Amino acid sequence: MSDSYHPSQSAPNSAALLAEAALKTENLNVYYGDKLAVRDVSLIIPRNRVVAFIGPSGCGKSTVLRCFNRMNDLITGARVEGQITFYDVDLYGKSVDPVSVRRRIGMVFQKPNPFPKSIFENIAFGARINGYKGDLDELVEQSLRKAAIWDEVKDKLKESGLALSGGQQQRLCIARAVALSPDVILMDEPCSALDPISTMRVEELIHELKQQYTIVIVTHNMHQASRVSDLTAFYNAEATQKGNKVGYLVEYDETTKIFHNPARQETQDYVSGRFG
């Protein structure tokens with residue numbers, strides 16, 4: 001059984017990462033009911049970087065990701081132990097409003113999920129209900145431009161977002177997240193339902209977006225992780241005596257090191273395709 005990663009153990013320049021930290025977990029444990037799903041995860045997500053979570057199914061990648069914007073709060077019986085801070089604010093503090101957290105830390109899901117509304121309203125709706133007082137036309141255009149889809153939809157803003165292709169829908173969902181001016185964008189396997197060309201466009205978009213946002217992406221595609229991320233966290237899972245899996249963080253480091261010179265044999269075995 002591997003020890004969990006701690007920033008002081010193996011990450012290069014961990015002091016520098018700490019100085020740049022947007023998100024930080026310390027001894028994070030996640031439970032679903034009485035079952036431990038993820039144990040003892042400690043890592044630092046630096047601002048304006050892309051961090052990839054990789055590992056086999058059931059290792060807790062998405063569970064940890066959902067902790068960052070408190071999506072697990074919506075699951076009956078889910079609870080978090082340890083600490084997660086967002087720019088040094090305890091995300092699970094009693095005074096913290098989960099809805100406000102989700103405005104600052106947006107999420108793009110595995111399957112594109114545009115609202116059953118016009119392309120324009122997909123962007124404007126969230127801003128409007130969150131009290132946006134500026135020019136909605138300008139916000140819609142700028143958000144769609146940031147998501148690299150403006151030129152494709154500018155002449156059909158009144159048409160349904162559901163009429164777009166899968167890749168366009170996913171970029172529309174990214175534009176919707178960007179419209180709320182988040183600090184962090186979480187992406188849970190955003191390309192798994194897309195064709196190769198759409199995947200390439202989303203990956204190119206990720207490179208552009210990190211100039212303004214911190215991005216954390218869960219992906220089963222190791223080639224994608226190596227292409228888009230600056231840092232990579234490799235998770236694995238072990239079976240308990242009761243038969244359920246508990247996920248843990250094996251290694252977290254610069255992406256080039258994870259894929260070409262990892263510190264742990266588990267990581268080497270996974271990235272070389274020996275298991276997973």
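Note that the coordinates shown come from a computational prediction; the quantities given were computed from them, not determined experimentally.
- In terms of hydrophobic clustering, with Ile, Leu, Val, Met, Phe, Trp and Tyr side chains grouped at heavy-atom distances under 4.5 Å, Ile105 and Leu65 are assigned to a common cluster.
- Rounding to the nearest 0.5 angstrom, the gap separating the CZ atom in Arg102 from the CZ atom in Phe68 is 15.0 Å.
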Between side-chain atoms of residues 71-82 and protein atoms elsewhere (two or more places apart, or another chain), which donor-acceptor pairs fall under 3.5 Å?
{"from": "Asn72", "atom 1": "OD1", "to": "Arg66", "atom 2": "NE", "distance (Å)": "2.9"}
{"from": "Asn72", "atom 1": "ND2", "to": "Thr63", "atom 2": "O", "distance (Å)": "3.0"}
{"from": "Asp73", "atom 1": "OD2", "to": "Arg70", "atom 2": "NE", "distance (Å)": "2.8"}
{"from": "Asp73", "atom 1": "OD2", "to": "Arg70", "atom 2": "NH2", "distance (Å)": "2.9"}
{"from": "Arg79", "atom 1": "NH1", "to": "Gly33", "atom 2": "O", "distance (Å)": "2.9"}

Side-chain polar contacts of residues 124-131 - donor-acceptor pairs under 3.5 angstrom, sequence neighbours left out - could you list them?
{"from": "Arg128", "atom 1": "NH1", "to": "Glu121", "atom 2": "OE1", "distance (Å)": "2.9"}
{"from": "Arg128", "atom 1": "NH2", "to": "Glu121", "atom 2": "OE2", "distance (Å)": "2.9"}
{"from": "Asn130", "atom 1": "OD1", "to": "Arg103", "atom 2": "NH1", "distance (Å)": "2.7"}
{"from": "Asn130", "atom 1": "ND2", "to": "Gly126", "atom 2": "O", "distance (Å)": "2.7"}

- Message: Test side chain to side chain contact (heavy atoms under 4.5 Å, CB included) on Lys210 and Asn48; report intermediate values, then the result.
- Response: CA-CA 5 Å; Lys210 79 172 183 179; Asn48 297 112; 5.7 Å; no

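- Note on Val246 and Val64: separate hydrophobic clusters, where clusters join Ile, Leu, Val, Met, Phe, Trp and Tyr whose side-chain heavy atoms are under 4.5 Å apart, directly or indirectly.
- Distance CZ/Arg145 to OG/Ser143: 11.5 Å, rounded to 0.5 Å.
- Summarising the geometry of Asn122 relative to Phe115, their closest heavy-atom pair is OD1-N, 2.7 Å, with the distance given to 0.1 Å.
- Shown here are the side chain to side chain contact (heavy atoms under 4.5 Å, CB included) partners of Pro262, two or more places apart in sequence or in another chain: Glu251, Thr267, Gln268.
- To the nearest 0.5 Å, atom OG1 of residue Thr232 and atom CG of residue Asp230 are 8.5 Å apart.
- Clustering of Ile, Leu, Val, Met, Phe, Trp and Tyr by side-chain heavy atoms under 4.5 Å joins Ile217 with Val50, Val108, Ile174, Val178, Ile185, Met187, Leu194, Val202, Leu205, Ile206, Leu209, Tyr213, Ile215, Val228.
- For the pair Ala225 and Thr255, the tightest heavy-atom approach, listed with the atom from each and the gap, is O-CG2, 3.9 Å.
- When each of Gln224, Gln110, Lys111 is paired with Ser192, the side chain to side chain donor-acceptor pair (under 3.5 Å) condition holds for Gln110 and for no other.
- Of the possible donor and acceptor atoms, none in the side chain of Gln212 sits under 3.5 Å from a partner among the backbone N and O of Ser181.
- In this structure a side-chain-to-backbone donor-acceptor pair under 3.5 Å is missing from Lys61 to Ala52.
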- Query: Step by step, would you call Leu180 with Tyr132 a side chain to side chain contact (heavy atoms under 4.5 Å, CB included)?
  - Reply: CA-CA 9 Å; Leu180 296 180; Tyr132 183 74; over 6 Å; no

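- Across every non-hydrogen atom of Ala237 and Cys59, the tightest pair is CB-CA, 3.8 Å.
- Here the shortest heavy-atom pairing between Pro114 and Gly161 reads CG-O, 4.1 Å.
- Under the 6.0 Å cut-off for aromatic ring centres, Tyr235 and Tyr248 do not qualify, their centroids lying 6.0 Å or more apart.
- Looking at residues two or more places apart in sequence or on another chain, you find a side chain to side chain contact (heavy atoms under 4.5 Å, CB included) between Ser165 and Gln168.
- For the residue pair Ser42 / Thr25, no side-chain donor-acceptor distance below 3.5 Å is found, with atom types taken as modelled.
- The two residues Phe234 and Leu249 come nearest to each other via the heavy atoms O-CD1, 3.4 Å.
- Expressed to the nearest 0.5 Å, how far OH of Tyr252 lies from CD1 of Ile258 amounts to 9.5 Å.
- Phe109 is connected to Val51 through a chain of hydrophobic side-chain contacts under 4.5 Å among Ile, Leu, Val, Met, Phe, Trp and Tyr, so both are in one cluster.
- Of all heavy-atom pairs between Arg47 and Thr214, the closest is CA-OG1, 3.0 Å.
- Side-chain atoms of Asp183 and Phe86, non-hydrogen and from C-beta on, do get closer than 4.5 Å to each other.
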- Message: Run the side chain to side chain contact (heavy atoms under 4.5 Å, CB included) test on Ile84 and Lys24 for me, step by step, so that the C-alpha distance in whole Å, both residues' side-chain angles and the decisive distance to 0.1 Å come before the verdict.
- Response: CA-CA 6 Å; Ile84 303 177; Lys24 181 173 66 171; over 6 Å; no

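- The line from CG of Leu172 to CD1 of Ile119 is 6.5 Å long, rounded to the nearest 0.5 Å.
- Looking at heavy atoms from C-beta onward, Arg171 lies in side-chain contact with Glu152 at the 4.5 angstrom threshold.
- The stretch residues 83-96 participates, sequence neighbours left out, in no side-chain hydrogen bond (donor to acceptor under 3.5 Å, both in side chains) pair at all.
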- Task: Give the intermediate values and the outcome of side chain to side chain contact (heavy atoms under 4.5 Å, CB included) for residues His220 and Glu189.
- Result: CA-CA 7 Å; His220 276 290; Glu189 298 190 56; 3.1 Å; yes

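- If you take CD on Gln142 and CG on Asp137, they are separated by 11.5 Å, rounding to the nearest 0.5 Å.
- For the pair His207 (side chain) and Arg227 (backbone), a donor-acceptor distance under 3.5 Å is present.
- Residue Leu157 is grouped with residue Leu136 when hydrophobic side chains (ILVMFWY) are merged at heavy-atom distances under 4.5 angstrom, including chains of intermediate members.
- Ion pair Lys154/Glu141 not flagged as a salt bridge, since none of the NZ, NE, NH1 or NH2 atoms sits closer than 4.0 Å to an Asp/Glu carboxylate oxygen.
- Using modelled atom types, one finds a donor on one side chain and an acceptor on the other under 3.5 Å when comparing Arg176 with Asn113.
- Between the side chain of Ser272 and the main chain of Asp269, a donor-acceptor pair closer than 3.5 Å is present.
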